[in-house]
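Note on naming: letters A, B, ... go to the chains in the order of the sequence lines (proteins, then strands), and numbering restarts at 1 for each one.
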Amino acid sequence: MNCDVTRPVDGTVVIRPSGRLTMVAAPALRDVIAGAVDDTGPRVVIDLSDTEFIDSSGLGVLVAGLKAARAAGGDLRIAAPTTQVVAALELTNLHRVLRPYPTVDECLARP
Amino acid sequence: MSEAAVRVDRCLDAASLDRVHQALAVLWEKAPHVPSADRTLFEIAVLEVATNIVVHGGTATESTIDLRASDTEVRAELRDDGDPAGIDVDAAGWPDDLAESGRGLPMTRAALDHFSHRRDGAINVWLLRRDLASERARQG
């Protein structure tokens, strides 16, 4: 899976994985998040608008990323989840932990 | 309607999981009446079990995934000749909110109306069934 990484605001990185976030792709995203926290700072936004499918491995990486960002003094937010991702988050109650924003801009606008 | 059916053979490695997604897409073409929400949750469940077989199947050399859709339900039977799965599907509870693993089996169970595993001789057999929204409404 490809990951697009941008830094629209100082200290914040937006990561947009594309395709299926599953057992195969999850380790790579975990590395991208860890690298971004090290390089840029602990405020991470995961743009899920291009994630057509997520499974338990993918959800685990988002949670791992949240913990890494918080451990570094920041936070991880998710934005623009596709219908399938919303279903997976609600099935697991992770929508209460990860609390998706409708858009990346709304994510960035909130302090 | 007659039942729609699609089969996937030898899904034994990570790259093969794409074929399961493709097979489900074909199933939905054959069974367009299946509501979107049922498709989504069924796909989550099937992929979790298929992935489990890939990750934990160990010595498996053969596997089949039979996917079916009728007027009232969608169901899957996954069979493999690998090591005994050794999983109690009913006992798997949810992990803590911040756990990084352990969601696969409870997710699967939550997405389905029936989820079971049995050992049939040297074969692991997983049965997955989700009743369609219309059938749920009829049952009340």
Contact part of [X] toward chain A, heavy-atom cut-off under 4.5 Å: side chain, backbone, both or neither?
{"X": "B:Leu41", "value": "side chain"}
{"X": "B:Thr40", "value": "side chain"}
{"X": "B:Leu47", "value": "side chain"}

### Task
Determine whether B:Arg39 and A:Gln84 make a side-chain contact, defined as any pair of heavy atoms from C-beta on separated by less than 4.5 Å.
no
### Query
Would you call A:Asn93 and B:Trp94 a side-chain contact if the rule is heavy atoms closer than 4.5 Å?
no
### Task
Side chain from CB out, backbone as N, CA, C, O: work out which of these in A:Arg20 comes under 4.5 Å of a heavy atom of chain B, or both, or neither.
side chain
### Task
Would you mind checking which part of A:Leu91 comes under 4.5 Å of any heavy atom in chain B, side chain (CB onward), backbone (N, CA, C, O), both or neither?
both
### Query
Rounded to the nearest 0.5 Å, what separation is found between the CD atom of B:Glu48 and the CE atom of A:Met23?
11.5 Å
#### Entry: From A:Thr22 atom OG1 to B:Asp18 atom CG, the distance as rounded to the nearest 0.5 Å
7.5 Å
### Query
What are the two closest non-hydrogen atoms of B:Ala14 and A:Val24, and how far apart are they?
CB-CG2, 3.5 Å
### Task
Spell out the residues in residues 56-70 of chain A that have some non-hydrogen atom less than 4.5 Å away from a non-hydrogen atom of chain B, in order of number; otherwise answer 'none'.
A:Ser56, A:Leu59, A:Gly60, A:Val63, A:Ala64, A:Leu66, A:Lys67
### Message
How about CG on A:Asp10, more than 12 heavy atoms from neighbouring residues, nucleotides or ligands closer than 6.0 Å, or not?
### Response
no
